[in-house]
Each structure stands twice: as structure tokens, then as C-alpha cells.
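All chains are named by letter (A, B, ...) in the order of the sequence lines, taking the proteins before the strands, and each is independently numbered beginning at 1. When reading the values below, keep in mind they use all heavy atoms of this one structure, side chains included, and skip hydrogens, waters and symmetry mates.
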2 protein chains.
Amino acid sequence: MRLEEAIKQKEFKDQYNKAIVNLLYTQSFIVTKQSRLFKPLSLSPEQYNVLRILKGQKGSPITVSSIQERMLNKMSNASRLVEKLKQKGMVVREECPTDRRQVDILITEKGMDVLSQLHNEMHELNRTLIQLNEGEVDQLNFLLDKLRG
Amino acid sequence: MRLEEAIKQKEFKDQYNKAIVNLLYTQSFIVTKQSRLFKPLSLSPEQYNVLRILKGQKGSPITVSSIQERMLNKMSNASRLVEKLKQKGMVVREECPTDRRQVDILITEKGMDVLSQLHNEMHELNRTLIQLNEGEVDQLNFLLDKLRG
DNA sequence: TTACATTTAGTGTCTATACACTTATTTGAT
DNA sequence: ATCAAATAAGTGTATAGACACTAAATGTAA
């Protein structure tokens, strides 16, 4: 659906303003659909994001601040998200041996299980959410990377 | 900055997965910068969105559910956002004469003042946030509209 | 008209964002 | 060696998103 119909706005001042609104609306469109996938596993999109970061470590520990740096939303609170995941038994916290300010985080077997349960569905969803051909997706990624300067 | 550096992820499974992550990251990038503009006026991005919808009405009232339909995030809670704006004196609530379930909302002089204070800065910010030329912005809007099917 | 379904606004609760703050530890300059 | 600055993790608080729920008003069909 065109943005104008989706939010019932007839016109935009210019294409730059429309692009801003289009990006915000499209993110909400994506997150809403992803959330429904996470729901049965009692996982939020941001908790999923943290688990993905931990999985990417392939066994080596990562500190809370490094998780924060890798998060999609730089303003989110990795400390509290890790605590939520720990309560669910999906991660463990360990004191960092070289710097006692830091805390090493590791994904558990249970955390890995949750990710593999989601793997196929997520891949399928991401593919169907984006109704573009391969050339168009490449172009979109190029434009988004360029947009941010 | 390329997405890979921004979130320190070396590669993506495919361009579709990268596009999803790119869209989520870019939205956060935009909202974070917009929030700083709203901060001095004690306005949140979503409250601003509601005020913009009300301004677009050019004086005619709009119900809470119609505001909801026009919002960028369809899951947000127009009822509570309107209440916050009312407490700040930026909107008024009136009982709808034809349907007592509904509540008509109108923007006040104060609400309009806040919008005009932000007008120039917002336009400038939106323009500088998007580091694309005119043809590229058109292309981006086309791709985002097509993406959602 | 009565009974039932639908619509509208609003509430409750959990989670997350935004941002200022605290505490503990480490760094680094003198 | 000392002490201020910087860094890491975590806390407090206000706002918002996600989603189930309620209450009141309206629509509709028998």
C-alpha cells in the first residue's frame, strides 16, 4: 500500500519529508509482524536482537557495553535486556577476569534452542515482508547506507 | 556509515535480511535525532505525530480512532497520547454530538504555536538527515512503497 | 422492543526507549 | 603513589508500544 493511503495523508511537503515518514512507517510495519513471531516464545524483538549478537560470538564472551554497541537501537538498555534473558535462562553472566568493571555474557544452550526454533520462520518472514526483487533490494540497501552519510 | 560498521556485523545471510536490519537501524537513527529537537519543548516523537495529524485537519475535529488510523505506528495508543497533550494544553477534547461514544479532538493555539516553533528546524533536520539527491529520494520512496506490497 | 454483536474510548500490565544519575573500577597524569 | 578523569554496569523515572481487557453507546435482526 502506498504511504499516502496507509496513513491517510494526501501529500507531503517534499520527497525528503515523505522519505522520513516512509522509513518510520515501514519500520513499524516490520516490527509489528516480527513481534507476532516472537510472541509464542515470550521474546521481544530487542531480546531477540541481543540473542543474535551473542550467537554471532560463536562461543566467546562479550561484555554488556559491546552488546550495546552492536544493537540496532543505540539508546536501548543492554543491561536490563541481559537481565531479562538471564531470568529466562537464555544467557549467563560471568565476571570478566581482566577488568572487574566488565561483565562477560554468554548465550546458553536454551538460548541457542530458541534461536533455532525461530530460524526458518524468521528467514521466511523477512523474505516475504520485502516485496522487492533482488536488484531492488540491493538498491534499497545502497540507498539506506548512503542516506545516513 | 555502512550498516556493517554501524552495528559491527561482518556479513548478512542475504540482502533481504540486511534490508530488514538496515530499515530498523535507520529508523532508530532518525528517531534519535528527531527526539533531541523535541526535547526542549517536552514533546515526544509520537506526541508530535499526533499534533501534526490535528494540524492537518485545518480546524475540523477528529475522533481518537481516526487519529489512531493516521498514526505511523498503528499499535500506539492515541487515547493516552491525547491525554498527555491535553494536560499540556495543546489539544482539547469535546463530546461528539452525533455519537456519544466518540470524542472530538482539536488542536489549540498553544499546540499550533509549538508546531510553528519546530517547523523550520524540523524541515532542516529532515533535509540534512537524508544524504541523498532528489532522484535517489524518489527511488527510496518508490522502493519503500513497493516493499510493503 | 429486546437481545446480541459491534464500535469507541479508555484502562491495566509488561516491555522497551530516552536520558540523567550512581557506584565500582581502571587509567593516566603528575 | 595519589588523585582526578574516564569507563563499565546498573538504577530511577517518564514516555511509549503491544496486547488483553472493560464500559458505554450504537447498530441490527428477530
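Mapped onto DNA chain D by nearest heavy atom, A:Val64 and B:Lys84 fall at different nucleotides, with A:Val64 at the one closer to the 5' end. Mapping B:Lys39 and A:Leu43 onto DNA chain C by nearest heavy atom places A:Leu43 at the nucleotide closer to the 5' end.
Contact annotation: A:Ser79 reaches the phosphate of D:dG10 (side-chain N/O to OP1 or OP2, under 4.0 Å). The phosphate of C:dT15 has neither OP1 nor OP2 within less than 4.0 Å of any side-chain N or O from A:Asn77.
In this structure, B:Glu83 places its CD atom 13 Å from P of C:dG12, rounding to the nearest Å. Look at CZ on B:Arg36: it is 14 Å from C1' on C:dA20, rounded to the nearest Å. Computed from coordinates, the B:Glu95 CD to D:dA24 P distance equals 14 Å when rounded to whole Å. Computed from coordinates, the A:Lys74 NZ to C:dC19 P distance equals 16 Å when rounded to whole Å. The nearest whole Å value for the distance from the CE atom in B:Met75 to the C1' atom in D:dA20 is 10 Å. Protein atom CG of A:Leu72 is 14 Å distant from nucleotide atom C1' of C:dT17, rounded to whole Å. Rounded to an integer number of Å, the gap from B:Leu81 CG to C:dG10 C1' is 13 Å. When the P atom of C:dT15 is taken as reference, atom CE of A:Met90 falls 12 Å away, rounded to whole Å.
Shown here is B:Glu5, whose CD atom has more than 12 heavy atoms of other residues, nucleotides or ligands within 6.0 Å. Remark: A:Arg52 CZ is loosely packed, at most 12 non-hydrogen atoms of other residues, nucleotides or ligands lying under 6.0 Å away. Applying the 6.0 Å contact sphere to NZ of A:Lys58 captures no more than 12 heavy atoms from other residues, nucleotides or ligands. Heavy-atom contacts from other residues, nucleotides or ligands closer than 6.0 Å to CD of B:Gln87 number more than 12. Counted within 6.0 Å of CD on A:Glu109, heavy atoms from surrounding residues, nucleotides or ligands total 12 or fewer; the atom is thus considered open.
Contacts between residues 99-107 of chain B and DNA chain D, defined by a heavy-atom separation below 4.0 Å, involve B:Asp99, B:Arg100, B:Arg101, listed by number. Using a 4.0 Å cut-off on heavy atoms, the residues of residues 23-32 of chain A that approach DNA chain D are A:Val31, listed by number. Across residues 45-63 of chain B, B:Glu46, B:Gln47 each have a non-hydrogen atom less than 4.0 Å from an atom of DNA chain D (numbered order).
Counting heavy atoms from C-beta on, the side chains of A:Ile105 and A:Val50 never come closer than 4.5 Å.
Salt bridge A:Asp145/B:Lys18: present, at least one basic N to carboxylate O contact under 4.0 Å. A salt bridge between A:Lys146 and B:Glu136 is present, with a side-chain N of the basic residue lying under 4.0 Å from a carboxylate O of the acidic one.
With hydrogens and angles left out, the side-chain atoms of B:Asp14 and B:Asn17 include a donor and acceptor closer than 3.5 Å. Using modelled atom types and a 3.5 Å distance limit, the side chains of B:Ser35 and B:Thr32 yield no donor-acceptor pair. Counted by atom type alone, A:Arg2 and A:Asn22 present zero donor-acceptor pairs between their side chains at under 3.5 Å.
Put simply, the side chain of B:Arg80 and the base of D:dG17 share no donor and acceptor less than 3.5 Å apart.
Closest approach to the B:Ser65 side chain among C:dA9, D:dG17, C:dT17 is made by C:dA9 (side chain taken as heavy atoms from C-beta onward).
Considering B:Asn73, B:Asn49, B:Val31 in turn, B:Val31 is the only one that fulfils the side chain to side chain contact (heavy atoms under 4.5 Å, CB included) rule with A:Leu24.
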